[in-house]
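Computation of the quantities below employed the complete heavy-atom set of this structure, encompassing side-chain atoms and omitting hydrogens, waters and symmetry-equivalent molecules.
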Amino acid sequence: MPCLADSRGIAPGLSRLRSMRLRLNKRKLLIVMLIAIITRAGALFSFPQHFAFSEPGGLIHGSAAYDEYALNLLETGVYGREAGLPDAGLPPLYSYVLAAVYGAFGRHYLAVGALHILFDALSIALLYDICRRLFPRPPQRGDSVGALAGLFFALYPYLIFQNLTLNDTALWILLLQLFLWLLIQLRERGTFDRAALMLAIAAGLTLGVSVLARALLPPLAILAALWFLLKLSARDTLLRLLPVALVSLLAPLPWLIHAYQIYGGFVPIALNSGENIFQGNNPYAAAIFRAGYDAQWIAPPIDAPPKDEPLRRNARLAEAGWRYLRENPAAIPDLMLTKLLVYWNPQVTPLRNLRAGEKLQVDESGEIVIVTGEGSHVGLSAANAAYQDDSLFNVIGRNLHLVYFGSLWLLAVAGAWLSRRDWRTLSLLFFAQISQTLVYLLFHPSTRYRSPTDPLLFVFSAIAVVWFVGWCRGRYTP
């Protein structure tokens with residue numbers, strides 16, 4: 001009789017556990033989004049010395065230029081780093097978003113942090129639904145993969161910190177995942193009807209607007225056409241993607257006209273592209289990367305036009321970068337391999353940063369030399385130099401990133417192999433990684449530039465974990 005009583009007591013308990021598990025399973029997206037919000041809010045309030053740029057003595061971790069553009073927009077209504085003087089130095093989208101936040105809530109770090117947390121929460125919801133649509137069968141697999149990938153994103157230390165600073169990473173992740181989400185739905189449509197047209201217009205608008213933040217999605221859009229052709233005919237692919245292309249060209253047109261009116265010449269969205277091309281492609285770039293520094297510290301060519309001639313300067317710097325590649329084909333393999341290793345390094349890159357009072361120079365033999373004293377690099381700020389100090393974010397943060405991202409990277413390799421039979425469907429995620437990698441091989445790479453695609457990498461990490469859990473259940477469950 002005691003055994004019978006025990007069994008009668010156990011059965012209701014197991015039933016309650018199963019019921020609780022089902023309720024949690026139905027709400028896993030909300031749970032993951034809540035975890036993301038709590039971790040980011042906790043970091044925001046726990047480390048105000050790193051995020052409270054609006055407080056007295058606060059430092060801007062990220063880009064002070066965005067703050068200056070936003071303030072000038074509010075004060076003068078003119079997009080320019082100098083008040084009242086229009087320019088196209090940086091892509092304008094994030095500065096306009098920042099100006100809207102300042103206008104509504106004041107220049108306060110909590111308002112900016114709350115907006116970025118909202119962007120991350122929306123990105124997790126998009127990532128979840130992307131997985132749900134890419135893995136419709138067997139039931140619950142897409143939900144599980146999406147929830148787990150979202151959880152990896154939610155707890156990713158690098159993006160928790162990066163997306164609370166004053167930069168456009170959180171916005172860019174949202175635009176990237178929104179574009180993929182719309183493309184997936186567009187390809188799912190059996191016929192090109194009104195709903196498909198609306199999806200195509202939305203995808204084109206997202207693509208066009210995204211170039212006003214970072215002009216990186218067009219290469220992905222080209223590769224996405226191949227993804228459509230893996231399932232649809234050439235005619236159906238053209239019907240769906242032609243509106244995407246047309247709308248994407250129209251969306252940034254007002255900005256391109258505005259920039260032309262300022263300078264009297266074509267501006268490729270912003271006037272920092274030439275500088276980025278030169279910094280990543282010059283005789284000293286590979287040595288700088290191997291020394292662990294970022295190529296942004298290299299001095300421009302001595303014959304570069306002055307900064308008060310931005311259009312000519314941008315064109316000259318771009319030409320210098322392309323000329324180096326044309327005239328030194330034998331150096332290209334080593335340079336590109338070095339950049340690739342920097343881009344996909346499981347450590348946070350750049351590995352080193354300049355301290356206050358330091359400047360990077362190249363000696364006659366081509367060796368990297370760090371000099372101190374007068375003439376330190378003008379772009380070096382106290383916030384930037386802090387990443388080289390023996391601080392929490394430099395010592396603990398770097399090691400934590402190595403363990404966290406390194407483990408998920410290995411799981412992603414396993415997940416990619418385990419899901420190889422679904423390559424036609426999952427190739428869109430591969431194309432996202434390939435396109436962004438190729439773009440930064442042309443420019444100069446770092447963890448900050450790779451991190452927006454890391455949540456898509458975590459999809460394959462989640463596949464490996466879900467497969468392993470399923471294998472264990474099948475092996476050990478009677």
query = Quick one: are Pro91 and Leu212 in side-chain contact, heavy atoms under 4.5 Å?
reply = no

Rounded to the nearest 0.5 angstrom, the CG-CD distance for Leu73 and Glu75 is 10.0 Å

Rounding to 0.5 Å, atoms CD1 (Ile184) and CG (Leu134) come to a distance of 4.0 Å

Closest non-hydrogen contact found for Phe179 with Ala221 is CZ-CB, 4.0 Å

Across all chains, not counting sequence neighbours, the salt bridge (Lys or Arg N to Asp or Glu O under 4.0 Å) partners of Arg326 are Glu319

Those residues at least two apart in sequence (or on a different chain) that pass side-chain contact (heavy atoms from CB on, under 4.5 Å) with Leu402 are Pro346, Gln347

Side-chain heavy-atom pair Phe289, Leu341 within 4.5 angstrom cut-off = no

Sorted by chain and residue number, the salt bridge (Lys or Arg N to Asp or Glu O under 4.0 Å) partners of Arg313 (sequence neighbours excluded) come out as none

Taken to the nearest 0.5 Å, the spacing of Ile277 CD1 from His444 NE2 works out to 10.0 Å

Should Ile173 and Thr169 be marked as a side-chain contact (heavy atoms from CB on, under 4.5 Å) after you check the CA-CA gap, both sets of side-chain angles, and the distance that decides it? CA-CA 6 Å; Ile173 293 174; Thr169 304; 4.0 Å; yes

Rounded to the nearest 0.5 angstrom, the CG-CZ distance for Leu456 and Phe430 is 11.5 Å

Using a 4.5 Å cut-off on heavy atoms from C-beta on, say whether the side chain of Phe51 contacts that of Phe161. yes

Contacts of Glu309 meeting salt bridge (Lys or Arg N to Asp or Glu O under 4.0 Å) (sequence neighbours excluded), chain-then-number -> Arg312

Find out whether Leu164 and Tyr109 are in side-chain contact, i.e. whether some heavy atom of one side chain is under 4.5 Å from a heavy atom of the other. no

Tightest non-hydrogen contact, residues Arg398 and Val348, listed as NH1-O, 2.8 Å

To the nearest 0.5 Å, atom OG1 of Thr39 lies from atom OH of Tyr156 at 14.0 Å

### Query
So, for Tyr69 and Tyr79, is the gap between ring centers shorter than 6.0 Å?
yes

Side-chain touch Asn328/Leu335, heavy atoms, less than 4.5 angstrom
no

Residue set satisfying salt bridge (Lys or Arg N to Asp or Glu O under 4.0 Å) with Arg133, at least two apart, ordered chain then number -> Asp129, Glu188

Side chain to side chain donor-acceptor pair (under 3.5 Å) filter on Trp344, not counting sequence neighbours, yields Thr437

Per side chain to side chain contact (heavy atoms under 4.5 Å, CB included), Leu229 is matched among Leu238, Leu241, Thr237 by Thr237

The complete set of salt bridge (charged side-chain N to carboxylate O under 4.0 Å, His left out) pairs with one or both residues in residues 272-295, sequence neighbours excluded, reads Arg290-Asp334

Residue set satisfying side-chain contact (heavy atoms from CB on, under 4.5 Å) with Ser273, at least two apart, ordered chain then number -> Pro268, Asn314

Taken to the nearest 0.5 Å, the spacing of Tyr440 OH from Leu340 CG works out to 15.0 Å

In short, salt bridge (charged side-chain N to carboxylate O under 4.0 Å, His left out) pairs touching residues 207-226 with sequence neighbours left out are Asp168-Arg214

Near-ring test Tyr293/Tyr284, centroid separation under 6.0 angstrom: no

Side chain to side chain donor-acceptor pair (under 3.5 Å) pairs touching residues 219-231, sequence neighbours excluded, are none

In short, side chain to side chain donor-acceptor pair (under 3.5 Å) pairs touching residues 110-127 with sequence neighbours left out are Arg40-Asp120, Tyr94-His116, Asp120-Asn163

Contacts of Pro254 meeting side-chain contact (heavy atoms from CB on, under 4.5 Å) (sequence neighbours excluded), chain-then-number -> none

Practice problem: Taking the side chain as every heavy atom from C-beta outward, state whether Pro218 and Leu207 have any pair of such atoms under 4.5 Å apart. | Solution: yes

Flag side-chain contact, heavy atom, 4.5 Å: Asn345 against Leu351
yes

field: Any side-chain heavy-atom pair of Val439 and Tyr449 under 4.5 Å
entry: no

